[in-house]
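Taking it in order: structure first as C-alpha cells, then the write-up.
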Amino acid sequence: MDSAIPFHADLARSVRLFTAFRKEQADPDYFYGLLARDTVAQLGTYVDLAGRLVVDVGGGAGYFAETLRAAGARIVCVDCDAGEMTAREGVMPEGAVLGSALRMPLRSDSVDVCFSSNVLEHVPDPITMAEEMVRVTRPGGTIYLSFTNWLSPWGGHETSPWHYLGGHRAARRYERRYGRGPKNVFGESMYPVSVSTVIGWARRQTGAEVVDVFPRYLPAWAKPVVRIPVLREFLTWNLVLVLRKH
C-alpha cells in the first residue's frame, strides 16, 4: 500500500466497500485486503503511522496488521482466538499475542496507537474493551475504534437482515437455509451494541478526548447522521470513534 495516497470518503468509495461486502465469505483475502487498505488510509489522516507502535486489537489473521506494517508501523496483534490468527498461513502472524481484548496483556500507557476494526460487537462487555484500549495507549496517543452496530442493515452479519426479527431467530433461519450454523453466533460470539451506548461512553469517560465520530463506510457528507438519535442506529452501518489519550 502507498500510504501517501490521499484518503477520500466519497460516494465512489462507499460503493466499492458495500460491493465488497458480498465477497466477505467467498473471498476473504479480497474483502479484508481492500478494507484494510481503506481503513489504514483513513487512520493515517489522524496520525502519522511511520515508526509508531500500534496494537491491533482482535486482529485475527493479520490483514490490518500487514497493511499497518506496510505504512511503517510496528505492530502487536492481540487476539483471543488462535484459530482465527492462523487462518491464512497456518501460523501466527508476525507480532501476534494471544490474549483477551477485555484484559489485554499489555502495560498501561505502552502503545502509540490502539486500533480495532469490527471487534467490539464480538465481545460480551464492549465498554470494558473500550476502556482497555484507552488504558494501554500512551498519553497523546490515538485510539481508533470501529464496530458494526446491531440495528444497522449489517448488524447481524451473515444472518442480516433477519436479525431485525431477533438474533436467535435469525441464526435458526440461517441454519435451516444453509445446513450449518452461522460463524457469528448471537449471544456467544456476536452481541448487540448500539451507537448511543458507545458514543455515550466516549463522552463520559475522562481518559481521552473525542477527536471524531463518524459512519465508517458512508461518504463524508453523511457524517451528521451520528447526531440524530434512533435514526443513527439504522443508518450508520459502522461507527468510528477516534480518541486522543490525555
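Sequential numbering from 1 along the given sequence is applied to the chain's residues.
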Please name the pair of heavy atoms, one in [X] and one in [Y], separated by the smallest distance, quoted to 0.1 Å.
X: Thr19; Y: Val15; answer: OG1-O, 2.7 Å
X: Ser100; Y: Pro105; answer: O-CD, 4.5 Å
X: Val78; Y: Met104; answer: CG1-CG, 4.3 Å
X: Arg13; Y: His8; answer: CD-O, 3.3 Å
X: Val225; Y: Pro215; answer: CG1-CG, 4.1 Å
X: Val40; Y: Phe64; answer: CG2-O, 4.4 Å

Evaluate Arg135 against Glu132 for salt bridge (Lys or Arg N to Asp or Glu O under 4.0 Å), listing each step before the verdict.
CA-CA 5 Å; Arg135 178 186 69 80; Glu132 273 290 277; 2.6 Å; yes

Pairwise side-chain contact, [X] with [Y], heavy-atom cut-off 4.5 Å (strictly under):
X: Leu241; Y: Val198; result: yes
X: His163; Y: His157; result: no
X: Trp150; Y: Met190; result: yes
X: His246; Y: Glu209; result: yes
X: Pro126; Y: Thr197; result: no
X: Asp79; Y: Val119; result: no
X: Asn149; Y: Phe234; result: no
X: Leu35; Y: Asn118; result: yes

Could you pull out all donor-acceptor pairs under 3.5 Å where a side-chain atom in residues 43-61 meets a protein atom, sequence neighbours excluded?
from  : atom 1 : to     : atom 2 : distance (Å)
Thr45 : OG1    : Gln42  : O      : 2.6
Tyr46 : OH     : Asp212 : OD2    : 2.5
Asp48 : OD1    : Ala50  : N      : 3.2
Arg52 : NE     : Asp48  : O      : 2.9

Would a distance-only check, ignoring hydrogens and angles, find a side-chain to backbone donor-acceptor pair under 3.5 Å from [X] to [Y]?
X: His122; Y: Ser189; value: yes
X: Arg173; Y: Arg169; value: no
X: Lys245; Y: Val134; value: yes
X: Gln205; Y: Glu131; value: no
X: Thr236; Y: Glu233; value: no

Please assess Asn238 against Thr148 for the test side-chain hydrogen bond (donor to acceptor under 3.5 Å, both in side chains), listing each intermediate value before the final yes or no.
CA-CA 4 Å; Asn238 190 286; Thr148 303; 3.1 Å; yes

Hey, mind stepping through Phe18 and Trp154 against ring-ring contact (aromatic ring centres under 6.0 Å, His included) and telling me if it holds?
CA-CA 10 Å; Phe18 286 127; Trp154 194 243; 10.0 Å; no

[atom1]-[atom2] distance between [X] and [Y], expressed to the nearest 0.5 angstrom:
X: Ser117; Y: Tyr144; atom1: OG; atom2: OH; answer: 6.5 Å
X: Leu218; Y: Leu11; atom1: CG; atom2: CG; answer: 10.0 Å
X: Phe147; Y: Ser152; atom1: CZ; atom2: OG; answer: 9.5 Å
X: Glu121; Y: Asn184; atom1: CD; atom2: CG; answer: 8.0 Å
X: Tyr30; Y: Leu34; atom1: OH; atom2: CG; answer: 5.0 Å
X: Leu68; Y: Ile75; atom1: CG; atom2: CD1; answer: 4.5 Å

Cluster link Leu243 to Leu120, ILVMFWY, side chain under 4.5 Å:
yes

Do Tyr164 and Trp237 sit in the same hydrophobic cluster, where Ile, Leu, Val, Met, Phe, Trp and Tyr count as joined when their side-chain heavy atoms come under 4.5 Å apart?
no

Using the side-chain contact (heavy atoms from CB on, under 4.5 Å) rule, take Val111 and Val76 through it: C-alpha gap first, then chi angles, then the decisive distance, then the call.
CA-CA 9 Å; Val111 302; Val76 176; 5.9 Å; no

Which is it for Asp27 and Phe31 under the side-chain contact (heavy atoms from CB on, under 4.5 Å) test, yes or no, and what are the steps along the way?
CA-CA 6 Å; Asp27 192 352; Phe31 171 73; over 6 Å; no

Would you sort out whether Arg232 and Ile199 count as a side-chain contact (heavy atoms from CB on, under 4.5 Å), showing the intermediate values?
CA-CA 11 Å; Arg232 65 190 177 188; Ile199 290 179; 4.1 Å; yes

Each residue besides Leu165 in its hydrophobic cluster should be listed here, by chain and number; the cluster joins Ile, Leu, Val, Met, Phe, Trp and Tyr at side-chain heavy-atom distances under 4.5 Å.
Trp162

CA sep, side-chain torsions, deciding dist, call: Leu239, Val226, side-chain contact (heavy atoms from CB on, under 4.5 Å)
CA-CA 8 Å; Leu239 185 77; Val226 300; 3.8 Å; yes

Where at least one partner belongs to residues 189-217, residue pairs that pass ring pair (Phe, Tyr, Trp, His ring centres under 6.0 Å), sequence neighbours excluded:
Phe21-Tyr217

